[in-house]
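To keep things clear, I will list the structure first and then write my remarks on it.
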Protein chains: 2
Amino acid sequence: MTYADLMSEPKRRNKAATRSALLEAARRRFTEHGYDGTGVRDIAADAGVDATLIFRYFGSKQALFAEAVRVEVPEGLGRGRRSDPAALVDALLREVVFTDRPEPGAEHPLFVMLRSAGRPEVRAQLREQVCGEYLAEFTGRLQGADAELRAELIGALLVGIGLMRSVIDSPALSEASFEQTRGLVAAMVAALHEAAPH
Amino acid sequence: MTYADLMSEPKRRNKAATRSALLEAARRRFTEHGYDGTGVRDIAADAGVDATLIFRYFGSKQALFAEAVRVEVPEGLGRGRRSDPAALVDALLREVVFTDRPEPGAEHPLFVMLRSAGRPEVRAQLREQVCGEYLAEFTGRLQGADAELRAELIGALLVGIGLMRSVIDSPALSEASFEQTRGLVAAMVAALHEAAPH
DNA sequence: GTCTATAAGATGATAGAC
DNA sequence: GTCTATCATCTTATAGAC
């Protein structure tokens, strides 16, 4: 959805439309070329507006990035608070790890950030979202001595799979379907629970 | 080891020493600040030489990066060809995933590349080394229908753990010791083998 | 609300003197 | 073998006209 699409023929000025066009263009560009590979001019050109509006509306390139690739953790992922950790893993694998392939620009923000993790600000945002939004879901559901460590191992597995697919582009995992993978992942996670100190 | 260290008092000209000083400085800088966060002037200044020598000796910044963070996969990691995959996982976890903390500049090249994976050339190098050097070790040792997929899942787990420690800096895994982690990882990998189609 | 013009500086890379 | 000087281009960000 470009600026022109949003405002059709009579080229009126519309702050909200311009803003969301910039956001959308930024999401696409950052997804495809990373933070450093994307200039404010590129984004503005894609949106069909002037580059200075980026600073007017968002303050800085960094702030635009943060807003464009912010993660909204889906509401009812595990279907309520007391659901099985295994169900949560399965849901995450389906919803976030295996929902990144289709068209460019649809990749999950987490892996966009991962590819731009050279910048310290991006890394801070990444840590905040991974630990705060996602890992927190697990630590609450796991029991035992090293619950936090096991939660992070599950996170590492999921992030690693997504990384193999989206940045390393390894042959088998990139081509594999969710159905082919879920059983193997479930087995690994189950083993983690059984190995826990009682 | 800086340029000055290598050539002590009488400042003679020494191609080999200059070259290796640049390589060392580049390794440090790229490790700490990533590809885009590092300028050729920074590297040259650290090495105590002029920036133009980078182009004279290496051709380009990209070529210097590739040489500075190239991975040399250790010789006898799994102790011979027919060793247990589990032993290989344990060795990799110890040697590459948990050998990155000490002083800055000692981090494993794989995670340096991961942090600079915004550049397409870096991603190509990363894919080549992960798939070619490391994953190949596993696929040869695994049997069964989806051996390749399971090999990449093991790789995903190891890469994910390294990533949690080196770029996301998640609390539990960053603080955990190799001994605390190896048992849990071994359990996950073992479950993967048992879940294999016979 | 949006644009032109420009500031102010960093970047990778090159030519040629010493 | 090494350095000085410089090119050409790019960057984010701002001031002010329309």
Side-chain angles (χ1 to χ4, degrees), chain A residues 2-26 29-30 33-68 116 118-122, chain B residues 2-26 29-30 32-69 116 118-122:
Chain A
T2 67
Y3 187 72
D5 291 343
L6 280 173
M7 330 205 11
S8 56
E9 288 313 338
K11 280 202 174 184
R12 284 216 203 87
R13 290 152 175 218
N14 182 333
K15 175 170 171 173
T18 298
R19 213 190 116 94
S20 85
L22 279 170
L23 221 36
E24 170 72 15
R29 278 276 175 181
F30 285 136
H33 304 105
Y35 185 89
D36 290 295
T38 302
V40 291
R41 285 169 172 78
D42 304 325
I43 298 169
D46 285 0
V49 303
D50 191 88
T52 62
L53 297 177
I54 287 176
F55 303 101
R56 189 156 179 73
Y57 293 157
F58 301 95
S60 70
K61 178 188 176 184
Q62 171 61 41
L64 171 60
F65 178 87
E67 188 164 337
S116 299
R119 315 294 286 207
E121 312 93 350
V122 175
Chain B
T2 67
Y3 187 73
D5 290 343
L6 279 173
M7 332 205 9
S8 54
E9 286 317 337
K11 280 203 173 184
R12 286 217 203 86
R13 289 150 177 222
N14 183 336
K15 173 170 172 170
T18 298
R19 213 189 115 96
S20 84
L22 279 170
L23 221 36
E24 170 71 14
R29 279 276 177 182
F30 285 136
E32 202 157 356
H33 303 106
Y35 185 89
D36 291 296
T38 301
V40 290
R41 286 167 173 80
D42 303 325
I43 298 169
D46 284 1
V49 303
D50 191 88
T52 62
L53 297 177
I54 287 175
F55 303 100
R56 188 153 179 74
Y57 293 155
F58 300 94
S60 70
K61 178 189 176 184
Q62 170 60 42
L64 171 59
F65 178 87
E67 187 164 339
V69 303
S116 298
R119 313 295 286 207
E121 313 92 350
V122 175

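Here the structure is a predicted model, which is why all the values come from computation and not from measurement.
- Between D50(A) atom CG and dG16(D) atom C1' there is a gap of 13 Å when expressed in whole angstrom units.
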For residues 50-57 of chain B, please give each side-chain donor-acceptor pair under 3.5 Å, one per line with the distance, not counting sequence neighbours.
from: D50(B); atom 1: OD2; to: T52(B); atom 2: N; distance (Å): 2.9
from: D50(B); atom 1: OD2; to: T52(B); atom 2: OG1; distance (Å): 2.8

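- Rounded to the nearest 0.5 Å, atoms NZ (K61(B)) and CG (D36(B)) are 6.0 Å apart.
- Atom pair L22(A):CG and dC3(C):P shows a separation of 10 Å (rounding to whole Å applied).
- If you measure from atom CZ of R29(B) to atom P of dT11(C), you get 10 Å, rounded to the nearest angstrom.
- Between F55(A) atom CZ and dT2(C) atom P the separation is 16 Å, expressed in whole Å.
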Checklist entry - Pairs counted as Watson-Crick or G-U wobble with both distances under 3.5 Å: what dot-bracket string results for DNA chain D, using | for bases tied to another strand? => result ||||||||||||||||||
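- In this structure, F58(A) atom CZ and dA13(D) atom P are separated by 13 Å, rounded to whole Å.
- Set against dG1(C), dC3(D), dA13(D), the side chain of V49(B) has dC3(D) as its closest nucleotide.
- Aromatic ring pairs are classed by plane angle as parallel below 30°, tilted from 30° to 60° and perpendicular above 60°; the pair Y35(A) and F30(A) is parallel.
- L22(B) approaches I43(B) most closely through the heavy-atom pair O-CG2, 3.8 Å.
- Remark: D42(A) engages no residue in a salt bridge (Lys or Arg N to Asp or Glu O under 4.0 Å) (not counting sequence neighbours).
- In plain terms, the two heavy atoms of A21(B) and A47(B) that are nearest each other are O-CB, 3.8 Å.
- Each of R41(B) and R56(B) lies near DNA chain D, and the nucleotide nearest R56(B) is the one positioned closer to the 5' end.
- Atoms CG (L64(B)) and P (dA13(C)) sit 10 Å apart, rounded to a whole Å.
- When the side-chain nitrogen and oxygen atoms of K61(B) are compared with OP1 and OP2 of dG12(C), one or more of them lie within a distance under 4.0 Å.
- At whole-Å resolution of the value, CD1 in I54(B) and P in dA13(C) are 10 Å apart.
- T52(B) comes within 4.0 angstrom of a nucleotide base, judged by non-hydrogen atoms across all strands.
- Distance CG (L53(B)) to P (dA5(D)): 16 Å, rounded to an integer number of Å.
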